[in-house]
Amino acid sequence: MKLFLDTAVIDEIRIVHSWGVLDGVTTNPSLFAKAGGGTYEEVLEEICTITSGPVSAEVVATDLEGMLSEGRKFAKLAPNIVVKVPMTETGLSAISAFAEEGIKTNCTLIFSTAQGLLAAKAGATYLSPFVGRLDDIAQDGMDMVRELAALLMVQEMDAEIIVASTRSPRHVVDGALAGATVATVPFKVVQQMVKHPLTDKGIAQFEADWAKAQAELVK
Ligand code: E4P
């Protein structure tokens, strides 16, 4: 499974990249607003200097011409830019136009298997089912990922599933087991994936035993 960082914060991207586990980045207007640090284009260009993996840049226009013009501009910023398009009727038209132009897309805000099927048919490179937001309204987000993965396999469709709106390490693991090929994960959740209290306890124990052994040597 590939790991994308769901952020527009440059320092977070640098840190996870330095661990050797970063495969790409997804951004959206909310993440950009939270991060600041220049225009959206400047931030995207900087992200693309850190990772050569796919970097999703989301259009904000709601009309077709606007989506196409924003997406084409993003695609010119770097070869690894993927244009993120919301799951709407107009979004589907934009996705299919981008596919014809050879521009990769990530269909975002997917909340049902039917939506995922349409996006895959339109030619989306990536499908982003939002599991956390479905869980928030007391539905099982992972069920959708499981069903969508099965559907893509049975129908021999090429789109990749990005398990999105992840809120915990469990979402990442369950997404991988459900058949998503990518998880996009907030920095905090990646940090949680690293941590385990027994690892910390084990390190503290090794340090204490080592210090004891050194003290014995100098006696
Ligand atoms: C995906 O690409 C989105 O940016 C993201 O996963 C949304 O997550 P949220 O529901 O935590 O905002």
Side-chain angles (χ1 to χ4, degrees), residues 1-10 12-13 16 21-37 40 43-44 47-48 50-51 53-62 67 70-71 74-75 80-88 91-92 94-95 98 103-113 115-116 119-120 122 124-145 148-149 159-176 178-193:
M1 167 179 259
K2 283 165 272 183
L3 182 77
F4 290 0
L5 204 58
D6 199 22
T7 187
V9 177
I10 299 297
E12 295 179 350
I13 297 166
V16 178
V21 298
L22 184 75
D23 298 301
V25 173
T26 53
T27 66
N28 66 35
S30 308
L31 293 172
F32 166 68
K34 210 161 80 183
Y40 193 24
V43 171
L44 290 166
I47 295 173
C48 291
I50 303 169
T51 179
V55 174
S56 288
E58 184 159 342
V59 298
V60 289
T62 50
M67 283 182 180
E70 284 177 23
F74 291 150
N80 51 329
I81 287 281
V82 172
V83 179
K84 210 174 183 192
V85 181
M87 175 63 217
T88 60
L92 288 172
I95 287 167
F98 285 133
I103 293 175
K104 290 188 174 166
T105 52
N106 172 0
C107 184
T108 190
L109 292 166
I110 291 180
F111 291 96
S112 75
T113 309
Q115 288 181 320
T125 319
Y126 298 100
L127 313 175
S128 287
F130 276 39
V131 295
R133 293 192 197 185
L134 269 186
D135 289 358
D136 290 345
I137 59 160
Q139 290 186 26
D140 188 344
M142 212 49 75
D143 270 353
M144 170 185 48
V145 175
L148 191 51
E160 283 193 59
I161 298 176
I162 303 178
V163 60
S165 185
T166 52
R167 306 260 200 267
S168 67
R170 196 68 238 167
H171 272 155
V172 180
V173 173
D174 287 346
T181 53
V182 187
T184 191
V185 187
F187 181 63
K188 197 182 107 196
V189 175
V190 184
Q191 286 181 308
Q192 289 170 347
M193 289 171 74

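For ligands, and for the atoms within them, numbers begin at 1 and follow the listed sequence.
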Pairwise side-chain contact, [X] with [Y], heavy-atom cut-off 4.5 Å (strictly under):
X: Thr26; Y: Phe4; answer: yes
X: Pro86; Y: Met67; answer: yes
X: Val172; Y: Val163; answer: no
X: Arg167; Y: Asp136; answer: yes

(message) If you apply the rule side-chain contact (heavy atoms from CB on, under 4.5 Å), what do you find for Val189 with His171, and how did you get there?
(response) CA-CA 10 Å; Val189 175; His171 272 155; over 6 Å; no
(request) Check side-chain contact (heavy atoms from CB on, under 4.5 Å) between Ala57 and all other residues, then give those that pass, not counting sequence neighbours. (result)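 Testing Ala57 for side-chain contact (heavy atoms from CB on, under 4.5 Å), a comparison that skips the adjacent residues, returns Tyr40, Leu44, Phe74, Ile81.
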Give a table of atom pairs where an N or O of ligand 1 lies under 3.5 Å from a protein N or O.
{"residue": "ligand 1", "atom": "2 (O)", "partner": "Lys84", "partner atom": "NZ", "Å": "2.6"}
{"residue": "ligand 1", "atom": "4 (O)", "partner": "Asp6", "partner atom": "OD1", "Å": "3.0"}
{"residue": "ligand 1", "atom": "4 (O)", "partner": "Asn28", "partner atom": "ND2", "Å": "2.8"}
{"residue": "ligand 1", "atom": "4 (O)", "partner": "Lys84", "partner atom": "NZ", "Å": "3.1"}
{"residue": "ligand 1", "atom": "6 (O)", "partner": "Asp6", "partner atom": "OD2", "Å": "2.7"}
{"residue": "ligand 1", "atom": "6 (O)", "partner": "Ser165", "partner atom": "N", "Å": "2.7"}
{"residue": "ligand 1", "atom": "10 (O)", "partner": "Arg133", "partner atom": "NE", "Å": "2.7"}
{"residue": "ligand 1", "atom": "10 (O)", "partner": "Ser165", "partner atom": "OG", "Å": "2.7"}
{"residue": "ligand 1", "atom": "10 (O)", "partner": "Arg167", "partner atom": "NH1", "Å": "3.2"}
{"residue": "ligand 1", "atom": "11 (O)", "partner": "Arg167", "partner atom": "NH1", "Å": "2.7"}
{"residue": "ligand 1", "atom": "12 (O)", "partner": "Arg133", "partner atom": "NH2", "Å": "2.7"}

